[in-house]
Amino acid sequence: MPQDHAEIDLHRGLLQRLKDFLIELGRDFCFVDSEYPVRVGGRDFALDLLFFHRGLNSLVAIELKVGRFEPEYLGKLIFYLEALDRDVKKSHENPAIGVLLCASKDDEVVEYALSRSSSPALIAEYQTQLTDKALLRAKLHEFYLQNIQALNESED
């Protein structure tokens, strides 16, 4: 991607290279839709990318941001996860997982933003080359385990 790209450019670039992107993510990822429509309270919203992960049995929402991470992005992602869990998720599926891909992030800002959130969200910097798929798979698995632990704690 050129240095001065917009979110729509990133979005289009990923879609054009969807097969390569899916291979990088791993074999268990299945593409659901781009600009996935979400309707809440009579208003229409669009989730950037929606996948399903067969191994985790979860929807995976990916939001794309071309700038640095801002805390309000997390609120939007959590909103989408709640909508997916209430209106899209099948009863046998696990709660949706969110991935927020930003051009850059300040780890301390991310830590503060995530500190009180119980939603399964991951914030990562994107690069012009994708992260090693073994690392991404390990992070998603780690995230899934944290989510299951949080669910178990909330049921107690």
Side-chain angles (χ1 to χ4, degrees), residues 1 5-105 109-110 112-126 130-131 136-137 139-155:
M1 300 293 314
H5 59 277
E7 283 179 31
I8 191 70
D9 297 325
L10 177 62
H11 193 142
R12 285 183 187 139
L14 283 174
L15 288 177
Q16 288 173 349
R17 293 168 184 83
L18 185 58
K19 181 180 175 185
D20 294 334
F21 184 62
L22 283 172
I23 290 170
E24 286 292 325
L25 287 175
R27 292 183 156 231
D28 280 349
F29 275 91
C30 303
F31 179 67
V32 175
D33 204 356
S34 165
E35 295 293 321
Y36 187 83
V38 177
R39 186 164 180 84
V40 176
R43 293 179 55 195
D44 294 319
F45 301 89
L47 174 59
D48 288 338
L49 297 168
L50 184 60
F51 295 88
F52 185 81
H53 191 280
R54 293 176 53 224
L56 299 176
N57 198 30
S58 293
L59 292 164
V60 179
I62 298 181
E63 273 294 290
L64 307 169
K65 301 296 178 192
V66 294
R68 71 176 182 201
F69 169 77
E70 296 294 341
E72 56 265 25
Y73 298 160
L74 183 60
K76 184 177 181 184
L77 182 60
I78 291 169
F79 171 81
Y80 286 143
L81 295 178
E82 186 64 26
L84 291 172
D85 285 347
R86 288 188 189 193
D87 303 330
V88 179
K89 176 179 87 73
K90 307 277 189 215
S91 61
H92 66 278
E93 294 172 354
N94 292 314
I97 296 170
V99 177
L100 182 57
L101 290 176
C102 300
S104 64
K105 64 183 173 78
V109 173
V110 170
Y112 274 57
L114 288 172
S115 67
R116 294 190 183 218
S117 174
S118 60
S119 287
L122 176 68
I123 298 165
E125 294 177 69
Y126 69 83
L130 292 175
T131 303
L136 184 57
R137 189 176 300 127
K139 288 290 186 187
L140 280 172
H141 183 70
E142 174 187 331
F143 196 66
Y144 173 72
L145 292 176
Q146 289 174 351
N147 182 38
I148 292 299
Q149 180 182 2
L151 284 173
N152 290 337
E153 290 173 0
S154 68
E155 290 175 0

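Both backbone and side-chain heavy atoms feed into the values below; hydrogens, waters and symmetry mates do not.
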Is any side-chain heavy atom of N57 closer than 4.5 Å to a side-chain heavy atom of F52?
yes
Closest heavy-atom pair and its distance - A83, V40
CB-CG2, 4.0 Å
Counting distance only, does the side-chain N/O of D87 pair as donor-acceptor with the main-chain N or O of V38 below 3.5 Å?
no
With a 4.5 Å limit on heavy-atom distance, are the side chains of L64 and L49 in contact?
yes
Is there a side-chain contact between L50 and L59 in this structure, where contact means two heavy atoms from C-beta onward sitting under 4.5 Å apart?
yes
Can you confirm whether P71 sits close enough to V109 that some side-chain heavy atom of one is under 4.5 Å from a side-chain heavy atom of the other?
yes
State, yes or no, whether a side-chain contact exists between I62 and V99 at a heavy-atom distance under 4.5 Å.
yes
Is any side-chain heavy atom of Y73 closer than 4.5 Å to a side-chain heavy atom of E63?
no
Rounded to the nearest 0.5 Å, how far does CZ of F79 lie from CG of L47?
10.5 Å
Closest heavy-atom pair, R68 versus C102, reported as atoms and distance to 0.1 Å, is C-CB, 4.4 Å
NZ of K65 to CD of E72: how many Å apart, nearest 0.5 Å?
9.0 Å
Smallest heavy-atom separation, Y80 atom then A46 atom, equals OH-O, 3.2 Å
Just wondering, do E7 and V66 contact through their side chains at under 4.5 Å, heavy atoms?
yes
Indicate yes or no for a side-chain donor-acceptor contact from D85 to the backbone of E82 under 3.5 Å, with no hydrogens or angles considered.
no
Do the side chains of D48 and L101 get nearer than 4.5 Å, heavy atoms only?
no
What are the two closest heavy atoms between L81 and G98, and how far apart are they?
CD2-N, 3.5 Å
